[in-house]
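Numbers restart at 1 for each chain; the letters A, B, ... are given by sequence-line order, proteins then strands. If you're wondering where the values come from, they're calculated on a predicted model, not measured in any experiment.
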2 protein chains.
Amino acid sequence: MQETPDQTPRPPTGPEIADWVRQRIRTGRFVPGQRLVEVDIIRQTGASRSKVREALKRLEGEGLVEIEEFRGASVRSSTLDEVRQIYRARMALEGMAMHDFTANASPAIIERLQALQTQLDACVEDRAPDRFGRLNNEWHRLIVDGSGNKVIADHLQRLNVPIHRLLFESFYDDARLNIANADHRAMLALIVAGDAEGAERAMRKHIGDGFETLVRIESEFYN
Amino acid sequence: MQETPDQTPRPPTGPEIADWVRQRIRTGRFVPGQRLVEVDIIRQTGASRSKVREALKRLEGEGLVEIEEFRGASVRSSTLDEVRQIYRARMALEGMAMHDFTANASPAIIERLQALQTQLDACVEDRAPDRFGRLNNEWHRLIVDGSGNKVIADHLQRLNVPIHRLLFESFYDDARLNIANADHRAMLALIVAGDAEGAERAMRKHIGDGFETLVRIESEFYN
DNA sequence: ATTGACGAAATTGTCAACAATATCGTCAGC
DNA sequence: GCTGACGATATTGTTGACAATTTCGTCAAT
């Protein structure tokens, strides 16, 4: 089967191409350093060159690709130190989002969070790290969206770590998965109790621990 | 005298056009809602249409302008609630920057900060709110740059409030100017003492107070 | 005076051809 | 065998022309 570049007859728009490339970078099909040749993307998506160029410019603005004059676009590779900086930024912003979520969230949204927590618990029972990873993303997105701060949500969107391999491997470590889920349960309790500052501290530690795990996996990978 | 659109014979690049427009928006020469017609910018800057379009797309990504299909770019106007969200994000990120600055900054940088503080004190003595505003920006930039986190610095770059009028009026209130300077002095003390968490709390409160002042000025302006 | 139709002008979106540069393969010289 | 020059190819950057759409002015009908 081919790449199913484009089911609709209509040619894809600029943002759609950007999504297409972004997805490929996130899932590791485009690896850091790899050159993104315009003609290849045109062939695979059916888009015009203008649109492809527009999409690549946009992705450059997001920091996902790098464009050198007359050499074109390539997937940007980030150092471990930059990943650390990204995690610091996420600690700050997602911590603040958790603070405001705890202070403002409606009972309906908290109920959705509890439902999600039940599913996460089931994943831990079933040793389903893959599904846990997906639900984990959903959990974090629910907090950020529920905080009611779209500015913070936008900025967090751009703070996803480009290295996909690591993120999904994180939860293959059973201990890490258990700790992460315990974090979630503790945070939910703090939210219900209305302890905004406590919830913020917990979120920051949770993300900080996530980075520690990532560093550990990374160092094991290279040894 | 004219606008001195471009002293160099070389035609301006994309990012240069973006800077040019950004400056005009920040200084209030382009007001919210105003349409940014490509031909006008071309005439005033001497750039080609491609570059102007590229610049406008970039500014759209930064959230400064809005582009509607077949209607072109216009200066985006932000609601008070969005400004509030921006300030929440700045509290989070600049607080974190202050934390890391306190933990990591070299004695040389701290010395530069102390020199800047002396100048700020002089501004308070002389009742020079304009100069205080500029030095204040420099002070905050020094903290952020000194934190060593370029990711946070980049994101803060995009979190400047577009409404310039308010920012410079803030310090025309003598009481506000005194409080802000006292905040700076207190934070400097916490930095020297190595109290990272205290400095972070102080920074967050400082920025939060800045927003309160802004809201007060805004409401007075419309009454 | 107001409204609506309608065409001209203005403005933006798109595409294709051309120019500028980089990349690659070939081959002579050592 | 290795290196560097050099031409062919591939890739990106830029410009200009044309298409699509909106905006504006005019004018007739009520």
Side-chain angles (χ1 to χ4, degrees), chain A residues 3 5-22 24-25 29-77, chain B residues 3 5-22 24-25 29-77:
Chain A
E3 295 301 347
D6 155 47
Q7 295 288 2
T8 70
R10 155 185 66 85
T13 79
E16 282 172 348
I17 310 288
D19 286 343
W20 186 84
V21 176
R22 212 190 334 258
R24 299 246 156 163
I25 293 176
R29 298 175 64 94
F30 289 160
V31 299
Q34 177 173 347
R35 287 189 55 187
L36 303 174
V37 179
E38 292 173 1
V39 186
D40 293 343
I41 300 178
I42 290 171
R43 268 199 282 266
Q44 294 188 50
T45 62
S48 66
R49 196 151 93 98
S50 330
K51 300 304 176 104
V52 171
R53 287 177 68 77
E54 174 192 331
L56 291 174
K57 280 276 173 67
R58 177 178 298 243
L59 291 171
E60 185 194 25
E62 293 179 19
L64 266 153
V65 313
E66 204 172 12
I67 297 184
E68 291 170 290
E69 185 156 40
F70 294 114
R71 299 211 40 214
S74 53
V75 181
R76 225 179 65 109
S77 59
Chain B
E3 295 302 346
D6 155 45
Q7 295 288 3
T8 69
R10 154 187 66 86
T13 79
E16 282 171 347
I17 310 289
D19 286 344
W20 187 84
V21 176
R22 211 188 337 254
R24 299 246 157 162
I25 294 176
R29 299 176 63 96
F30 288 160
V31 298
Q34 177 172 346
R35 287 189 55 187
L36 303 174
V37 180
E38 292 174 1
V39 186
D40 293 344
I41 300 179
I42 290 171
R43 269 198 282 265
Q44 294 186 47
T45 62
S48 65
R49 196 151 92 96
S50 332
K51 300 305 176 116
V52 171
R53 287 177 66 77
E54 174 192 331
L56 290 174
K57 281 276 174 66
R58 176 178 296 241
L59 291 172
E60 185 193 25
E62 292 179 19
L64 267 155
V65 313
E66 203 172 14
I67 297 184
E68 292 170 288
E69 187 157 39
F70 294 114
R71 298 211 42 216
S74 52
V75 181
R76 232 190 64 155
S77 59

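Between the CD atom of B:E68 and the C1' atom of D:dT22 there is a distance of 11 Å, rounded to whole Å. Separating the CZ atom of A:R53 from the P atom of D:dT12 is a distance of 8 Å, rounded to the nearest angstrom. Atom C1' of nucleotide D:dA20 and atom CZ of B:R71 are separated by 15 Å, given to the nearest angstrom. One atom, CD of B:E38, and another, P of D:dT15, lie 14 Å apart when rounded to the nearest Å. The distance between atom CZ of B:F70 and atom P of D:dT21, rounded to the nearest whole Å, is 5 Å. When rounded to the nearest whole Å, the span between CD1 of A:I67 and P of D:dT14 equals 11 Å.
Taken from CZ in B:R58 to CD1 in B:I17, the straight-line distance is 11.5 Å, to the nearest 0.5 Å. One distance of note links CG of A:L59 with CD of A:E54; it measures 10.5 Å at 0.5 Å rounding. The CZ atom of A:R76 sits 8.5 Å away from atom CG of A:L64, with the distance rounded to the nearest 0.5 Å. Atoms CZ and CD1, from B:F30 and B:I41 in turn, are 6.0 Å apart once rounded to the nearest 0.5 Å.
Within the nucleic acid shown, B:L36 comes within 4.0 Å of sugar-phosphate atoms alone, with no base atom in reach, counting heavy atoms only.
Closest approach of A:A47 and A:I42 over heavy atoms only: O-CG2, 3.3 Å.
Nearer to the 5' terminus of DNA chain C, by closest-nucleotide assignment, is the contact made by A:E54 (compared with the other of A:E54 and A:E69).
The phosphate of D:dT15 has OP1 or OP2 within less than 4.0 Å of a side-chain N or O from B:S48. For B:R49, no side-chain nitrogen or oxygen approaches OP1 or OP2 of D:dT15 to under 4.0 Å.
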Does the side chain to side chain contact (heavy atoms under 4.5 Å, CB included) test come out yes or no for B:V75 and B:V31, once each step is laid out? CA-CA 7 Å; B:V75 181; B:V31 298; over 6 Å; no
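When DNA chain C is scanned in the 5' to 3' direction for atoms under 4.0 Å from non-hydrogen atoms of chain B, the outermost contacting nucleotides are C:dT11 to C:dT14.
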